[in-house]
**Q** 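The following block contains the structure, expressed as structure tokens.
Note that the structure is a prediction, hence the values are computed from the model and not measured. Below, each value reflects all heavy atoms present in this structure, side chains not excepted, and no hydrogens, waters or symmetry copies.
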Amino acid sequence: MQVRGLLLLLLALILLAATAEAGKNKKEKAKKDVSECEDWRWGPCVPNSKDCGLGYREGMCKDESKKLKCKIPCNWKKKFGADCKYKFESWGGCSAQTGVKTRSGILKKALYNAQCEEIVYVTKPCSSKIKSKSKGQSPMLLS
């Protein structure tokens with residue numbers, strides 16, 4: 001019975017030592033990834049294929065370089081770039097001369113030191129459909 005208890009104690013000590021060593025390796029790995037450089041210059045997100053989806057961005061700082069994973073949404077306004085975030089106003093009225101409506105966006109955030117315009121303007125064609133105000137009501141109830 002004493003031999004069994006001694007073996008269990010020995011096994012517990014071995015597991016404890018292995019766990020401590022694994023934790024030490026994780027800490028050392030995390031220290032290797034930390035850079036001393038503070039003035040990183042990041043490039044734009046470059047998709048792996050076509051013009052949207054998963055990709056990477058490269059960063060440079062002194063002699064160091066890094067690559068980070070990034071993603072450009074496929075429904076993104078390519079004109080502004082994926083690193084420029086804007087707060088848009090409501091759509092304006094439809095112009096009878098041009099057949100488009102316009103709205104403006106004010107820069108909210110520039111990610112990775114991106115070069116973004118402070119104010120952008122977006123246009124879209126006016127809707128040719130006339131929206132009815134009787135949504136959800138039966139035609140029998142309207143008469």
Side-chain angles (χ1 to χ4, degrees), residues 4-143:
R4 184 181 265 173
L6 186 60
L7 287 174
L8 285 173
L9 180 62
L10 184 60
L11 181 63
L13 288 173
I14 291 171
L15 287 173
L16 184 63
T19 305
E21 188 65 30
K24 182 179 173 184
N25 288 342
K26 285 182 182 177
K27 288 179 185 175
E28 287 175 5
K29 185 176 181 181
K31 287 181 184 176
K32 288 180 185 177
D33 291 344
V34 175
S35 174
E36 305 258 335
C37 192
E38 295 178 10
D39 192 29
W40 283 94
R41 304 276 183 221
W42 295 99
C45 184
V46 179
N48 293 332
S49 63
K50 299 188 180 181
D51 58 356
C52 63
L54 295 175
Y56 65 94
R57 80 173 70 247
E58 292 187 47
M60 298 289 293
C61 184
K62 297 180 185 173
D63 297 340
E64 296 181 59
S65 65
K66 285 185 184 180
K67 281 188 178 182
L68 292 179
K69 292 179 183 177
C70 61
K71 182 178 179 182
I72 296 178
C74 291
N75 63 350
W76 191 252
K77 308 278 189 271
K78 296 170 185 76
K79 178 177 160 184
F80 309 137
D83 295 331
C84 302
K85 306 295 180 192
Y86 293 92
K87 171 82 173 155
F88 284 94
E89 298 175 349
S90 299
W91 287 103
C94 185
S95 169
Q97 294 173 330
T98 60
V100 295
K101 48 186 168 179
T102 307
R103 70 177 177 171
S104 62
I106 299 172
L107 182 65
K108 187 168 73 170
K109 185 187 279 187
L111 304 174
Y112 297 99
N113 301 328
Q115 300 296 317
C116 303
E117 295 180 44
E118 288 295 319
I119 299 175
V120 293
Y121 297 93
V122 186
T123 60
K124 74 175 183 178
C126 297
S127 176
S128 60
K129 297 180 184 177
I130 299 173
K131 294 183 180 179
S132 67
K133 296 186 180 186
S134 60
K135 285 186 179 179
Q137 293 182 356
S138 169
M140 298 286 254
L141 295 175
L142 293 175
S143 54

**Q** Which atoms form the tightest heavy-atom contact between Leu111 and Lys85, and what is the distance?
**A** CD1-CE, 3.9 Å
**Q** Any idea which heavy atoms bring Cys94 and Gly99 closest together, and the distance?
**A** SG-C, 4.4 Å
**Q** Could you tell me whether a side-chain N or O of Arg57 sits under 3.5 Å from a main-chain N or O of Gly43, the two making a donor and an acceptor?
**A** yes
**Q** For a 4.5 angstrom cut-off between non-hydrogen side-chain atoms, does Trp42 reach Asp83?
**A** no
**Q** Nearest 0.5 Å please: distance from the CD1 atom of Ile106 over to the CZ atom of Phe88.
**A** 10.5 Å
**Q** Please report the shortest heavy-atom distance between Pro47 and Ile72, naming the atom on each side.
**A** CD-CD1, 3.9 Å
**Q** How far apart are the closest heavy atoms of Cys126 and Ser95, and which atoms are they?
**A** SG-N, 4.2 Å
**Q** What's the separation between atom CD1 in Ile119 and atom CD in Glu89, rounded to the nearest 0.5 Å?
**A** 8.5 Å
**Q** Distance check, rounded to the nearest 0.5 Å: Arg41 atom CZ versus Ser65 atom OG?
**A** 15.5 Å
**Q** State, to 0.1 Å, how close Asn48 and Tyr56 come at their nearest heavy-atom pair, and which atoms those are.
**A** OD1-CD2, 3.9 Å
**Q** Rounded to the nearest 0.5 Å, what's the gap from CD on Glu64 to CG on Asp39? Could you check?
**A** 11.5 Å
**Q** May I ask you to decide if Glu117's main-chain N or O and Tyr86's side chain share a donor-acceptor pair within less than 3.5 Å?
**A** yes
**Q** To the nearest 0.5 Å, what is the distance between OG on Ser90 and NZ on Lys101?
**A** 10.5 Å
**Q** Are Asn113 and Trp40 side-chain neighbours, meaning at least one heavy-atom pair lies under 4.5 Å?
**A** no
**Q** Can you tell me how far the CD atom of Glu58 sits from the CG atom of Leu68, to the nearest 0.5 Å?
**A** 10.0 Å
